[in-house]
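A short write-up of the structure that comes next.
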Amino acid sequence: MNQVAKNMTETKQDTIVEVDGIAMRYEGGVQALKGVDLKIPSGELTSFLGPSGCGKTTLLKIIAGLLTPTEGEVRIRGKKVTGPGPDRAFVFQDFALMPWATVQRNVEFGLELRGMPKDQRGEKAVKYIAEVGLAGFEKSYPHELSGGMRQRVGLARALAVDADILMMDEPFASVDEQTRRKFQEDMLDLLSKEKKTVIFVTHSIEEAVYVSDQVVLLSPRPGQVQRIIRTEIDRSKSPDEIRRDKNYLDYVDDIWAVLRTYL
Amino acid sequence: MKLNGKQIPIVYSLFLWAAIWELVGRYGGLAILPPLSAVFEAGVEMVPTDKFKSAMVVTLDAYFRGLAMAVAIGIPMGFLMGVSKTIDRLIGTWVNIFVSAPLTAVVPIFMVILGIGQATVIASVFLFAIWAIVLDTRAGVKHVNPSLPEMAHSFGASRWLIFYRIYLLAALPEVLAGIRLGLIRAVKGVVIGQLLVAITGIGELFELYSRNFLFDEFWALLLMVFAFAFATAEAVGLVEKRIEYYARTR
Amino acid sequence: MALRTLGRQTWLWKLMSFALFFGAWEIAGRIPISLSFPTFIETFIAFVRMTFNGEFATAYLQTIQPLIIGVAISSVAGVGFGVLMGLWRTMEWFLVVIFIILYASPVAAIIPLVTYMYGIGLTSKVIAVVIMALPLIVLNCYKGVRHTHPSLIEMVRSFQGSRWQEIRLIILPNASSLIFAGLRLGIGAGFIGVVLAELLITPTGIGDLITYHRSVADYPEMFADITSIIALSAVSLTVLLKMEFLVRPETRKR
Ligand SMILES: Nc1ncnc2c1ncn2[C@@H]1O[C@H](COP(=O)(O)OP(=O)(O)O)[C@@H](O)[C@H]1O
Ligand SMILES: [Mg+2]
């Protein structure tokens, strides 16, 4: 990692996630990641950006404890990650909803697994279903919802377990453009209330700059941290203003300049 | 299963089962289950006999004739059901009933109408094989990308050409899947038909061996029939994979 | 899957489809295409008569018993083996090839051997049902369990679900459609097995009725016997299909 990038990550905020010398080699011999070091500040939104196949999902799943790295370790508040934990919740690219369960039960599911009593988890689920804007759909089944709505269910499920760190793997990848923008805005709204650390994977430059405080640029496989960019954008502005903001556009250009060298 | 950290291919489990069979056959004291080695010996002795050869000829004859009829009638039938909603609704119910019906019970009808002989066996092969072919062909035609015939039409292809070139070619993977199922079911049809008729082909042999307690021969014949059924199914499966490779762009 | 399309048709189309089939049957019987081919009406009359004079009842009492016992055994054993094979690699390694071979092979050929072992009683019929039904049920359950969507499993893990929760809350419900389809296939095959056993070895039940009517050349009765067993199997399979929502509630609304 270059010096500039390192300096940029050292901010006043506490670091919540530390990625230390991570390398990942899959069983078939694919080297997905190599020497990844990274600090993720608490209470911010960090996104991983890079060409498809560069190891973004792999890195996210290692932080989530779903994959064990071949080298290095991840620490959360200084404690080594050995598996999934209650401090992290995952939102899946393909939603990972149970088709046989209602929206209500899907949202409750994380709590059900933790053995929370039915009435208690029901209440919580109703609250978060309303927060993601799906009030009234509690009794629907996933196949009756649009892609965007399904992902809202996935988000509600992750929020319901009240983890400090929310991890999202290309949550909007299979959602159409309009829904996607609306969803991005709603998500930012929601997160400003919920005070969470968010790690967000995307391959869209605009999305990364729009939603995150810090963008981690990954190189093509084997993925390494190429640059870390802190995006200083005035988020009090309206979404449309932000998308026309000079800083916003500069960041998009900067990142594009890096990514185009991979082509 | 792993050995010294290496994956053992799953078919090797057959050797293990063969060993178990051999041991149980030798020391299990079951008259009906002779050791596998004795079964193989019986098989080697059996194959060159005239009785076996003529039984095979009769059986294969019934098998391929019945199958050919099932393919020749099943594909057009499924095709019509795929392109015409009316036909689909009129005969769909019956095809769906027959595909899972106890067709064994129908064989006696063939026996009274066609007589106790080869014709009945051919008819039962046909009856067992056809429905899967019809249903899969229908499914294949239904899944044809609608822009394909439109494209052909815009290039001025005649209706006939559209029907045969586009639909049948595009539906080929499903048609083949249906034929594979048909092959498997046809083996069941030929065996069940011959067992019930009991005077021709391997049905007669099965009857003969079990009545005279010739269990070595019985198992040898059974293994050969199983191997034949499995091999035909696998062979079509290979062709299917090839075709699917070409059809992915559909 | 095939039967589902049947369920969607309106009753009018179904009526027409029945009328067409029975009409064609009636005409074929009147020509007649064969001296032993009765008309639909003759068969229907025989069918009604045997329904009410208890002939069917007596026969089916003997046919249904081994069918139910056999299907019950195959279901329990089949789901058990299938699920274990799906969950446990060693079990899969040992059994999957055997069941694939049994699935592709004409296991009916074993029936004469079964008679040698167990005589011509109930046991032989039950075994005939089991050898026909078991491989289908096992392979469907195995497929259902083995093909669980990996991201659903990851989802459970990400919420620290235990392996047992993973199996109970995700893998089994997810496989339930295929398990259910397997049970339907198994029951269909069970019907084939029991009829074959009755035609071939144990002169009882509906199979015996068919054989008897054939031997005395009562063709309308014989056709009625055959129609009854096909109808019984079609009705049982359709009822079972309608009950799928019990395991997969989301299919009820469709
Ligand atoms: N389970 C796996 N086994 C082997 N290779 C894998 C596996 N998962 C991902 N890979 C490979 O690792 C690389 C990184 O994958 P991934 O993390 O999914 O990339 P991204 O999310 O950035 O598109 C890819 O080349 C992919 O093919
Ligand atoms: Mg990815």
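Each chain gets a letter, A, B and so on, in the order the sequences are listed, and its residues count up from 1.
Using a 4.5 Å heavy-atom threshold, the side chains of B:Phe226 and C:Leu102 count as touching. C:Pro106 places a side-chain heavy atom less than 4.5 Å from the side chain of B:Val225. At least one side-chain heavy atom of B:Pro108 sits under 4.5 Å from a side-chain heavy atom of C:Leu199. The shortest distance between side-chain heavy atoms of B:Ile109 and C:Arg214 does not fall below 4.5 Å.
Residues C:Tyr103 and B:Lys188 share a closest heavy-atom pair of O-NZ, 2.9 Å. The shortest non-hydrogen separation linking B:Ile97 to C:Ile230 is CG2-CG2, 3.9 Å. Closest approach of B:Val11 and C:Val97 over heavy atoms only: CA-CG2, 4.2 Å.
The contact between C:Leu20 and chain B is made entirely by side chain atoms (from C-beta outward), counting heavy-atom distances below 4.5 Å. Using a 4.5 Å cut-off between heavy atoms, B:Leu195 touches chain C through backbone and side chain atoms alike. When heavy atoms are compared at a cutoff of 4.5 Å, B:Leu222 approaches chain C solely by way of its side chain, counted from C-beta outward. Of the two parts of C:Leu232, neither the backbone nor the side chain holds a non-hydrogen atom closer than 4.5 Å to a non-hydrogen atom of chain B. In this structure, the portion of C:Met117 lying under 4.5 Å from any heavy atom of chain B is its side chain and not its backbone. Residue C:Ile210 touches chain B through its side chain alone, counting heavy-atom pairs closer than 4.5 Å. Heavy-atom distances place both the backbone and the side chain of C:Ser105 under 4.5 Å from chain B. Interface remark: C:Phe223 contributes side-chain atoms only to the contact with chain B (heavy atom separation under 4.5 Å). Both the backbone and the side chain of C:Val107 come within less than 4.5 Å of a heavy atom in chain B.
Remark: side-chain polar atoms of C:Trp93 are paired, donor with acceptor, to backbone N or O of B:Ile8 under 3.5 angstrom.
Aromatic ring centroids of C:Phe22 and B:Trp94 lie under 6.0 Å apart.
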side-chain contact (heavy atoms from CB on, under 4.5 Å), that's the test. Do B:Phe206 and C:Leu113 meet it? Break it down for me.
CA-CA 9 Å; B:Phe206 274 128; C:Leu113 212 59; over 6 Å; no

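Your options are C:Val195, C:Thr227, C:Ile206, C:Ile226, and the one with the most heavy-atom pairs under 4.5 Å with chain B is C:Ile226. The most heavy-atom pairs under 4.5 Å with chain B, out of C:Pro112, C:Ala109, C:Gly193, come from C:Ala109.
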